[in-house]
Amino acid sequence: MLDIKFIRENPELVKKGIESKNENSRVDEVLQLDKQRREILVVSEELKAKRNQVSQDVGKLKKAGQDTSAIVAEMKEVSDKITEYDKKLNTVESELNELLMYIPNIPHSSVPIGRSTEDNVEVRRWLPEEFSFEQNEKVYDHIELGKKLRILDFKRGAKISGSGFPVYLGKGATLERALINFMLDYHLHNHGYSEVFPPFLVNRDSMKGTGQLPKMEEDLYFIDKDGLFPIPTAEVPITNLYRNEILNENDLPIKLVGYSACFRREAGSYGKESKGFLRVHQFNKVEMVKFVKPENSLNELENLVNDAEDILKALQIPYRILMLCSGDLSFAAAKCYDIETWSPAEKRWLEASSCSTFGDFQARRANIRYRNESTKKLEFVHTLNGSGLATSRLMVSLLENYQTPEGKIIVPKVLQKYTGFNIIE
RNA sequence: GGAGAGAUGGCAGAGUGGUUGAAUGCGGCGGUCUUGAAAACCGUUUAUCCUUUGGGAUACCGGGGUUCGAAUCCCUGUCUCUCCGCCA
């Protein structure tokens, strides 16, 4: 969430930021509640100071054997007043906090202002040497390939779970597993990350910490019986590793990478987007998470994108990088790059990764701080995360780009030692 | 699932109604001593909020209550540990 002091001091900036995200600005309500809160607080604290003083005196007087009944009676009234003011304070404070939890992060100043995906800015693209957009005029799409090679089964997935729960079969399952292991190893050995294998179910506090809750509850699965949420991304458990903790400055940046299955309800998103792998309820993802010093946040974001890109270069899959405009930024993000891979069958780019810095937005919610050794103060870290990458969309591009004219799949070179085979036919 | 125990500062661990924000030990930081280091000794070491910048308030797992006054008493929730049962 945003710092209430920052909102108090920069209301116009905050309003503009929120509106540029196409979100409803409720800054005036926040300021109103904040003002109320402080007014009540002052009165309550004055009364408490009095109570503390007199209560101590009562103790002393009693020890000295003196009668205190008059004072005690008077203090009873003060005490009642305190209760009254604290109740008011409580109401106002919880309203304020609730409201603050719904206020999105504001875009970083380097983010282009825009309304929708159309205003995103393509930063760069990378294509394998022999690649051309025209060469693949006649191609099978990933669904046809999956069916033909008996490596993907969407129908049976729908039978056992529902639509959007794909089943990987045979060499398809092996390929998926190889892809995950390859990506993990790559980040571990080449990019200096440490591996985490997180829980796939998390509690409400964790979901609030990274900002999925309270706003996006509709998009989450929820296990009512135990009060647990299946994670929509490993970002949630991994970022929350350090919730309510104080990190050593020397340990920063902390760079973690982890695999998880991801579960998303994708409420209300039916239609052509939903065929095959393009939008599913369960998919696999390797996620990178960083905890960094505030001044390094933007730099670390660039590195994060590069780390994700390296995977695609190694796999020789065409991709492009977009800087998201303000209107396309997610609730918690301050700045974000999407990586899109090319689908020859769809003849369009598919989002396979999203790399964001959240500034101190998540850190403030999750209370993740570090001791700044030069100022000796506790400060919030900045958190970043990026997919490195999501296998489902990546698999679409991989299968389609690596198909032969006969509809076989060549296994990318770097994956062959993980799969143990070099062709799927 | 059954029975019991517990939750206090970075850690360990006292404290069972009145200067206790919290003894003591360890750790950390600063200093004395030393050629240097260790040891020893001395000192220091929580955070958040409000503020008329003097100061004030809050917090001993969370929430509620009793009381003039709660780390301390009562209720409740959560979590952890031990034993038994079940089990990949």
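All heavy atoms count here, side chains included; hydrogens, waters and symmetry mates do not. Below, chain A is the first sequence line, B the second, and so on; all start at residue 1.
Residues meeting the salt bridge (charged side-chain N to carboxylate O under 4.0 Å, His left out) test with A:Glu45, sequence neighbours left out: none. By the salt bridge (charged side-chain N to carboxylate O under 4.0 Å, His left out) test, A:Arg177 is found to be paired with no residue, residues two or more places apart in sequence or in another chain being considered. In this structure A:Asn203 satisfies the side chain to side chain donor-acceptor pair (under 3.5 Å) test together with A:Ser206, sequence neighbours excluded. Among residues two or more places apart in sequence or in another chain, the salt bridge (charged side-chain N to carboxylate O under 4.0 Å, His left out) test is passed with A:Lys148 by none. Taking the salt bridge (charged side-chain N to carboxylate O under 4.0 Å, His left out) definition, one finds that A:Glu176 meets it with nothing, sequence neighbours left out.
The salt bridge (Lys or Arg N to Asp or Glu O under 4.0 Å) contacts involving residues 349-364 of chain A comprise A:Asp3-A:Arg364, A:Asp360-A:Arg364, where partners must be two or more places apart or lie in separate chains. The list of ring-ring contact (aromatic ring centres under 6.0 Å, His included) pairs with a residue in residues 365-400 of chain A, not counting sequence neighbours, is empty. Screening residues 211-245 of chain A for ring-ring contact (aromatic ring centres under 6.0 Å, His included), with sequence neighbours left out, gives A:Phe222-A:Phe229, A:Tyr242-A:Phe291.
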Using a cutoff of under 3.5 Å, can you pull out all pairs of nitrogen or oxygen atoms linking the protein to nucleotides 15-17 of chain B, with atom names and distances?
none

Identify all pairs in which a protein N or O lies below 3.5 Å from an N or O of nucleotides 86-88 of chain B, and state each distance.
none

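Near RNA chain B, meaning a heavy atom under 4.0 Å from it, residues 46-56 of chain A has A:Lys48, A:Ala49, A:Arg51, A:Asn52, A:Ser55 in order of number.
Stretches of at least 3 consecutive Watson-Crick or G-U wobble pairs, with each checked distance under 3.5 Å, appear in RNA chain B as B:1-7 with B:78-84, B:10-12 with B:24-26, B:27-32 with B:40-45, B:46-50 with B:55-59, B:61-65 with B:73-77.
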